[in-house]
Amino acid sequence: MGIALSNVKRATHHEKLVSELNIAEAGINYYLWHLSHNKEDYCDGATCPQNPPYGPYHHDYTNASGEIIGSFDLTITPPDQGDSTVEIKSVGKMLNSKSERTIIAEIGVPSFAKYAFLSNTESWFGDNESTAGPVHSNVGIHFDGIANGLVTASSKKYTPTSTFGGDGSEYDGVWGEGGPKGYWVFPVPAVDFNKISADLAAIKTEANTGGVFLDNSKSSGYHIILKEDGSFDLYLVSKERSSGITTEFVRNYPKPAKGVVYVNDNVWVSGTYSGKITIAAEKSSGQSAKIKIHDNLLYKAKDGSAAIGLVSQGNIEVPSYATGTLEIDAALLSATGHVWFPYADNAVKDTITVYGAIATFDYWTWTWVSGTTTLAGYAHTNQTYDPFLTLSPPPQFPTTGTYAILNWKEE
């Protein structure tokens, strides 16, 4: 009988612990719902005190019969300036219990930067390519490489074009000789590139109220050189030739308070940066603005302290006069065009390395080949996903949906 009673007590205690964890998780789910309906309420409907974190906010937890069987207390830490992630601490407790369990979750709206590679068109990864992080196409993917993350497509079936290895037959949304095939998921909902125009409008607003707004240059555009101290030097681009650009120094800008720069023109970007910044290019004239990267664009450190976002209304280009060995540390997003090296006769470069993320409306390439011969672009390409972009994207970087739990742990 003693052993039986001990087992009953142990089972009862375990049931209570499981219930308390469920209650704590219910608190997280409640506030996920709350933020989905009021995305800037970090005080559970109450007036916020002066300094975060806010709370705790107490809620009773009832069973299906409406009886109170426990409670959860929420403490909410709003996003830092330029960030978008909310931390929720939920403490779950059974009624009349002395024990409790605590969950800490990071909640945010996933951004385009959560994808290592994202395309609105079909894609093809060759047998000499590997991916790190999520890969998605709104059409389909011919995948012959090695995946180190999910490979998803919005089509259940599609007919690849010959450019992407098709032969006129219909194939699965993700197909090919690569793998592991357990990472292939299709169909999944498409990512909406159309909403980027609204995101660009939001970046423009932020730039006018706490960032930097650069109006039309009345010339070829601007060259922004990012500095390690968080500031940037601005140059006027008066001319672009096949050999490079002609520039004139304008001024140095201090680090933007809200971390955003909006350019109503084309923009060239280079330099080394230690903070987080988003640079958006959009023309109000009806033409599509471009962002060009002709020299190294680097994080001072690859530890999550730096993040550069480039959002272009049109193409993001590496021009033919770019340096022969190029590194780009950034999340690159083209709303209506390509992320690419545009074809130029005999413009063959050595190596391009991208540390960050790529999202492109139209197809992407750094290399133009015929058989095994490189005709233009970079003969060697290296791409690594910046894992810090998932939870901490660049400021105001365009988002892809609604609030979701990005990270979850028990304290």
Side-chain angles (χ1 to χ4, degrees), residues 20-62 68 70-93 100-114 195 198-211 255-260 275-278 304-307 309 311 331 387-411:
E20 287 170 344
L21 184 65
N22 290 337
I23 292 172
E25 190 172 19
I28 300 295
N29 290 331
Y30 158 73
Y31 219 78
L32 176 63
W33 170 86
H34 189 89
L35 283 174
S36 296
H37 289 79
N38 191 343
K39 65 180 181 180
E40 295 184 353
D41 182 5
Y42 308 121
C43 299
D44 201 21
T47 300
C48 289
Q50 186 172 3
N51 297 313
Y54 305 128
Y57 301 106
H58 181 84
H59 289 264
D60 290 329
Y61 182 84
T62 61
I68 296 174
S71 64
F72 56 81
D73 292 286
L74 302 175
T75 303
I76 301 152
T77 304
D80 293 330
Q81 182 69 53
D83 205 348
S84 59
T85 303
V86 184
E87 182 183 278
I88 311 295
K89 178 180 178 181
S90 178
V91 180
K93 189 174 183 179
E100 59 188 30
R101 295 185 77 170
T102 301
I103 291 174
I104 297 177
E106 292 176 305
I107 293 176
V109 181
S111 77
F112 277 82
K114 82 169 188 175
K195 71 177 295 295
D199 293 312
L200 282 167
I203 293 173
K204 182 178 181 180
T205 299
E206 290 293 288
N208 276 308
T209 58
K255 183 177 182 178
K258 292 189 176 180
V260 293
K276 297 183 178 181
I277 192 169
T278 294
S305 61
V311 184
F388 296 103
L389 291 173
T390 301
L391 296 180
S392 188
Q396 295 293 317
F397 205 76
T399 55
T400 62
T402 59
Y403 271 100
I405 297 173
L406 305 177
N407 194 23
W408 185 103
K409 65 179 180 180
E410 184 176 7
E411 189 178 54

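What you see below is based on every heavy atom in this structure, not just the backbone, and it leaves out hydrogens, waters and symmetry mates.
A side-chain donor-acceptor contact under 3.5 Å links T400 to the backbone of P110.
Considering only residues two or more places apart in sequence or on other chains, T205 meets the side-chain hydrogen bond (donor to acceptor under 3.5 Å, both in side chains) condition with none of them. For K195, the salt bridge (Lys or Arg N to Asp or Glu O under 4.0 Å) criterion is met by D199, not counting sequence neighbours. Taking D60 as the reference, H58 meet the side-chain hydrogen bond (donor to acceptor under 3.5 Å, both in side chains) condition, with sequence neighbours excluded. Residues passing the side-chain hydrogen bond (donor to acceptor under 3.5 Å, both in side chains) test with N407, sequence neighbours excluded: E106. The side-chain contact (heavy atoms from CB on, under 4.5 Å) search around T390 returns Y385, not counting sequence neighbours. The ring pair (Phe, Tyr, Trp, His ring centres under 6.0 Å) search around F397 returns none, not counting sequence neighbours. Residues satisfying the side-chain contact (heavy atoms from CB on, under 4.5 Å) test with E25, not counting sequence neighbours, are N22, N29, I103, W408. In terms of the side-chain hydrogen bond (donor to acceptor under 3.5 Å, both in side chains) criterion, residue partners of S305 (sequence neighbours excluded) are, by chain and number, D303. Listed by chain and number, the residues in a salt bridge (Lys or Arg N to Asp or Glu O under 4.0 Å) with D73 amount to none (sequence neighbours excluded).
Interatomic distance, OG1 of T102 versus CD of E20, reported as 9.5 Å (0.5 Å rounding). Rounding to the nearest 0.5 Å gives a distance of 8.5 Å between CD1 of I104 and OG1 of T77. Taken from CD1 in I88 to CD1 in I76, the straight-line distance is 5.0 Å, to the nearest 0.5 Å. To the nearest 0.5 Å, the span separating CG on N208 from CD1 on I203 amounts to 12.5 Å.
Residue P395 comes nearest to K258 through the heavy atom pair CB-O, 3.7 Å, listed as atom of the first residue, atom of the second, then distance. Between G92 and A24 the shortest heavy-atom distance is N-CB, 3.6 Å. Between I405 and A105, the shortest heavy-atom distance links the atoms CG2-CB, 4.3 Å. For the pair T75 and P53, the tightest heavy-atom approach, listed with the atom from each and the gap, is CG2-CB, 3.9 Å. Of all heavy-atom pairs spanning P394 and A331, the tightest one is CG-CB, 4.4 Å. Between T399 and F112, the shortest heavy-atom contact is O-CE1, 3.4 Å.
Evaluation of the salt bridge (Lys or Arg N to Asp or Glu O under 4.0 Å) test over residues 389-411, restricted to residues two or more places apart or in two chains, returns K89-E411, R101-E410. Residue pairs meeting the ring pair (Phe, Tyr, Trp, His ring centres under 6.0 Å) criterion with at least one member in residues 34-55, sequence neighbours excluded: Y30-H34, Y31-H34, W33-H37.
For the pair C43/Y57, a side-chain contact is recorded, criterion being any heavy-atom separation below 4.5 Å from C-beta on. Counting heavy atoms from C-beta on, the side chains of V91 and P56 never come closer than 4.5 Å.
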Inset, instruction - Verify side chain to side chain contact (heavy atoms under 4.5 Å, CB included) between T278 and E206, making sure each step is shown before the conclusion. - result: CA-CA 11 Å; T278 294; E206 290 293 288; over 6 Å; no
